[in-house]
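By convention in this document, chain letters (A, B, ...) are assigned in the order of the sequence lines, proteins followed by strands, and residues within each chain are numbered from 1. Below, all heavy atoms of this structure are taken into account, side chains as well, without hydrogens, waters or symmetry copies.
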Amino acid sequence: MARQSKITMMQAITEALDMAMEKDEKVILLGEDIAGGTTVDHLNGEGAWGGVFGLTKGLVEKYGHERVIDTPISEMGYMGAAVGAAATGLRPVPELMFNDFIGFCFDTLLAQGSKMRYMFGGKATIPMTVRTNHGAGASAAAQHSGSYYGIFGSVPAIKVVVPSNAYDAKGLLLAAIEEDNIVVFSEDKTIYSLKEEVPEEYYTVEIGKAKIKREGKDLSIVTIGKMLYVALEVAERLAKEGIEVEVIDLLTVAPWDEETVLNSVKKTGRLIIIDEANPHNNTATDIASIVSDKAFDYLDGPVKCVCAPNTPVPFAANLEKLYLPNAEKVLNVADELIADLK
Amino acid sequence: MARQSKITMMQAITEALDMAMEKDEKVILLGEDIAGGTTVDHLNGEGAWGGVFGLTKGLVEKYGHERVIDTPISEMGYMGAAVGAAATGLRPVPELMFNDFIGFCFDTLLAQGSKMRYMFGGKATIPMTVRTNHGAGASAAAQHSGSYYGIFGSVPAIKVVVPSNAYDAKGLLLAAIEEDNIVVFSEDKTIYSLKEEVPEEYYTVEIGKAKIKREGKDLSIVTIGKMLYVALEVAERLAKEGIEVEVIDLLTVAPWDEETVLNSVKKTGRLIIIDEANPHNNTATDIASIVSDKAFDYLDGPVKCVCAPNTPVPFAANLEKLYLPNAEKVLNVADELIADLK
Amino acid sequence: MEKKKALWIYENMNDIRNFEDEVHRIFTTGAIPGFVHLYAGEEAIATGVCAHLTDKDYITSTHRGHGHCIAKGCEVDGMMAEIFGRKTGLCKGKGGSMHIADIDRGMLGANGMVGGGFPLAVGAGLTSKYLKTGAVAVCFFGDGAANEGTFHEGINLASIWKLPVVFVCENNGFAEATPQSYSSGSKTIAQRSIAYDIPGETVDGKDLFAVYEAAGKAIERARAEEGPSIVECVTYRNYGHFEGDEQKYKAKTGPEKELADTDPIKVFRTKAIKKKLITAKQADEIEQLSIKKIDDAVKFAETSPLPDEAALYEDVFAQ
Amino acid sequence: MEKKKALWIYENMNDIRNFEDEVHRIFTTGAIPGFVHLYAGEEAIATGVCAHLTDKDYITSTHRGHGHCIAKGCEVDGMMAEIFGRKTGLCKGKGGSMHIADIDRGMLGANGMVGGGFPLAVGAGLTSKYLKTGAVAVCFFGDGAANEGTFHEGINLASIWKLPVVFVCENNGFAEATPQSYSSGSKTIAQRSIAYDIPGETVDGKDLFAVYEAAGKAIERARAEEGPSIVECVTYRNYGHFEGDEQKYKAKTGPEKELADTDPIKVFRTKAIKKKLITAKQADEIEQLSIKKIDDAVKFAETSPLPDEAALYEDVFAQ
Ligand SMILES: Cc1ncc(C[n+]2csc(CCOP(=O)(O)OP(=O)(O)O)c2C)c(N)n1
Ligand SMILES: Cc1ncc(C[n+]2csc(CCOP(=O)(O)OP(=O)(O)O)c2C)c(N)n1
Ligand SMILES: [Mg+2]
Ligand SMILES: [Mg+2]
């Protein structure tokens, strides 16, 4: 049953949280100000905020403070509590307000949550979805604009999802919450208001599968999160020159979908990966290294990464714009790769 | 002036710390039990431990508790204090007892120390060397055996050094402490007792430069830390088949020495990188991706990474052995690459 | 308190208020991007504390840092230009509102990480003690920050090492939309001092004289090498948590509203005149000059150029 | 205390002691690799606390976890095999001494990260409260762990949410080689309870009855939904921090030595016999059986196979 109009990625995420909570009582949310105003008399149990970006708005009114739990500013405390709650039977969905706060709670993910099942010989199960956000472009400066999904992705036993649009965000988030593993669900704060057609029903999108957003035979571009839109712009522009770009939206960055990426590269012989993380030891270089190896005989040119520079995120608007990958940078790289096709 | 006998990497590190402290009063050490027994009467100011591996032994006796500072178990506190002290004029050398404790203090490095200079428009200088250790092979189990230099290396404005031997350890540590930047100096706990000839004098080894440990024209192997010895064994064994392996000891993993690696690959056309970190988003994949790109036209085969599997470190001795890269695994990969040479 | 000090205090409080009111106004025009947290209403704290400090002393600040910067001597022109993201900003436009710093003034940076300042202040205290500079490090932090682990680790370190650090809690009743009464197991933040065997005191943060006195005592104690203290100042912020906040959580009546309505600048003006520390004429003059100063700062910022593109790649490593 | 309970207690204390003494002996032969931290000397704490718990209750443990495991009902065969790194270990040999766990018994794992247990226990308490299972979560931690930020964050969370969590500090005077009197700003750990407005008590951790009583009160309070408490038990470890420690920091005379020389098992035996809770004959029997039980565990471990190689890749993700 299609709803009348498109909804934003923000609305899709809220809807997914709502449905997950509706479906399973064991799903609880924790985070700073995800309700807001807990214990403030005149609010009568309503939330004052619903999260810093409003993503959890309406949920405390429906599910109460028992399930939409405002936390003090204690990331290690509540993230670790989520691990402990997951190990003992709940399905917590903690929110890390910005992925930049990873340094305050990394142990609970790196050394506790992700290792328990293995260290305990398979006995622990940690069904937990960490919602967070990343990304430059909101003038949020160096400490609120980083992209650290690649760091989470380097940790064994953590799955990492980066949605690019409302439809996948809803389905992936529902799939994540169904998972009996730790999933980091990293949203790009600058595309929350992008709209898309999103079914009203409960549905899941498979974690670990990339999507081909545009087919092409000349050049593959793999993207993470909002870099999809850079790739689509590049594809559009190159189409005018007769170059057919295949655009692959990774969606899950750990473990990423080798099969889809390799099949595409075997067809096109050329690959660019766009990842707005800092350039070293990130998802892009991981893909580049594996593709360069496994598709070696198919490559007509080097696999190229277009990433942020190796600097913190600058505040000034002009510098921040320059910091992010964009169509021009990708086209520059593409030109080299497709020189022989023109 | 050559000393009579070889010394261990452990001794070389202690010697470097001693010389750095001797040379510059602003150098102070902080860490858990790096002296040991602070305020215990009957010790009369002597250290009870000198660090968990004895690396700081003798220093408190020489420099006092004012400069060899035992800390409570407060990694975020004292690591952040080191950043604050560095920003205000000291040259602290904090020790993170195991790199696995990164999750307790990551913010002070990721969001504070590494970003201050940039965020403040160049006004802050953070001369600080974080000593830590990594590595499997000591039956230390999942929470004390990880290799996380790649995570530090993904952060802009942090340099990361991984010494493989006593000589370089001493020179690199002295160079690190001279640096006006954050350097993470990550020691492999399983090779502390390896001996080498080490000059008694103060000397530095340039940060950012790799070393060619064995020349060869057929295959390049880049190694990190103790993986050097795996590569040397492989080189020895392949030499018997007439294959000449060039072995490059990376020494600095961030920023790693592109020039030396690329020049080698341009000569040999083949590259294997051995990195005992977990396999994704690590230094090996970073090198593989950049070399596969920049040396594309020189490669006779795919760049190969030999890393740990994507699991935590298991405790049982037989599994831990299997976890680590070894000569067999590298030879398997090499066989493929050099098939045409045999 | 000397008259000169009182004049400085009144000027400083006005500068902070006018600065913040202007930023608030400009933010609604869209000329200032990003997250901006205003200090208006809390002027008595930064001012009353920093009145005891000189350039050689250090402070660490928070996301709500403009007031601390001004009180610690940062130039308002460079601050405003920074908030606008201009080349002439104190950080060349690369830091923004949450990262204004001026190390030469002992201002170790506003900080976007809640609780990030505790360990940094401990480090500055360590430097002071080690180099025997006599400097004190003041760590400003919010009631919300008091629930971070860094609070505990930092204060414990300062306590056992007897460092010259003063921990000043700006308890404005809320962390974003979360009341302190909900987020804190303890009724006051000051009572947590018992966990570190150091002095802790709660004072009226809207009353400059109360802050000035309590901070003075703590800073003196620190300078005398007797170790750290906690000074908790009860206050309220005039605006929302950040610009754009609907502030539904604020009470419309009762003691909270009374606290909200108490203007620390007016309180000081009245008391200071009564105590004959300043005259009404002087106060009026200061008010006028302050408005002009901030107007000029806005003009300076507005007419300043953007950073050069090369700046993106600069200031990563020291050479 | 019931007689049955006293018998269980005496058996449990002996099991822990014999287990640890055996591990100590075997470690010197080289048959046990890695880092091993022994609980001998502290038996009264794990035993006195867990005497109040059942399988549905939870505990979080530390690097010094063997005692907690035994007291919470883990089989000693599987524990010993785990420490030997064998396939029959409680964790299939993949965890080792620092990571023994048995979730079915409510034993959420020894933990190699000092301070790692606080948040986990809070989480278990949250589950209990949310699902209304009536379970209590006990968080064992050392005096050294009390200086981690997780101590502060965890206890504050438990306090504001009134969770059924009991924080049991095993204050053995040292963290590795660092005295608690140096590392802690506060004289006691219990006094830090004031920072969270919860009860805190310091008891003689060598006296099982003292621990039993204090823990019983705290656990009852937790079950009655009145919130968390801190119980600090003063104790001492018989061996070094880990196997191989020279222990230069330990005092050879004075009150510290007296504490060291107090054997909690002997203390209990004497008192329990006096209180007519057990007879000397029963005690002797228990001692003998315990030795045999641990001997058998060693044999079980020694004769168990190593894990299959495939195990390296298993248990990463749940399907
Ligand atoms: C580590 C970290 N956690 C969370 C945030 C998000 N955040 C920014 S300000 C704030 C509230 C801070 O409250 P308080 O310390 O009382 O300071 P106030 O804003 O009231 O001045 C929060 C939660 C952050 N910036 N850093
Ligand atoms: C996060 C972390 N920091 C440091 C260590 C190293 N370490 C292991 S045990 C220990 C001392 C713990 O002391 P305490 O909490 O008093 O427990 P005890 O050993 O006395 O039982 C230290 C510092 C660690 N394992 N984890
Ligand atoms: Mg506040
Ligand atoms: Mg201890």
I'd like to know if the side chain of [X] reaches the main chain of [Y], judged simply by a donor and an acceptor atom lying under 3.5 Å from each other, with no hydrogens or angles considered.
X	Y	value
R270(A)	D218(A)	yes
K294(B)	L262(B)	no
S145(B)	A136(B)	no
K304(B)	A334(B)	no

Please classify the contact between [X] and chain B as side chain, backbone, both or neither, with a heavy-atom cut-off of under 4.5 Å.
X	value
D293(A)	both
L299(A)	both
F104(A)	both
F106(A)	both
V291(A)	neither
F101(A)	neither

For [X] and [Y], does a side-chain donor sit closer than 3.5 Å to a side-chain acceptor?
X	Y	value
Y323(B)	N318(B)	no
D275(B)	Y149(B)	yes
N263(B)	T260(B)	no
D286(A)	H280(B)	yes
S220(B)	S264(B)	yes

Considering all heavy atoms, the nearest A82(A)-P92(A) contact: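 Shortest heavy-atom contact: O-CG, 3.2 Å.
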For chain A, the option from I290(B), L110(B), L109(B) that forms the most heavy-atom pairs under 4.5 Å: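 Of I290(B), L110(B), L109(B), L110(B) has the most heavy-atom pairs under 4.5 Å with chain A.
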I'd like to verify something: which residue of N282(B), I151(B), D297(B) has the highest number of heavy-atom pairs under 4.5 Å with chain A?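 Highest number of pairs under 4.5 Å: N282(B).
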Identify which part of P314(B) has an atom lying under 4.5 Å from any heavy atom of chain A, answering side chain, backbone, both or neither.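 Interface part for P314(B): both.
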What residue in [options] has the most heavy-atom pairs under 4.5 Å with chain B?
options	result
A288(A), C305(A), P312(A), S289(A)	P312(A)
G301(A), P255(A), A277(A)	G301(A)
N310(A), T108(A), N281(A), I102(A)	N281(A)

Heavy-atom neighbours of K266(A) NZ exceed 12 at 6.0 Å: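 Yes, the 6.0 Å shell around NZ holds more than 12 heavy atoms from other groups.
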Part of residues 152-162 of chain A lying next to chain B, heavy-atom separation under 4.5 Å: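 Contacts with chain B: G153(A), S154(A), P156(A).
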By the definition side-chain contact (heavy atoms from CB on, under 4.5 Å), identify the one residue from V306(B), I221(B), I274(B), L219(B) that meets it with V234(B).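 The option that passes is I221(B).
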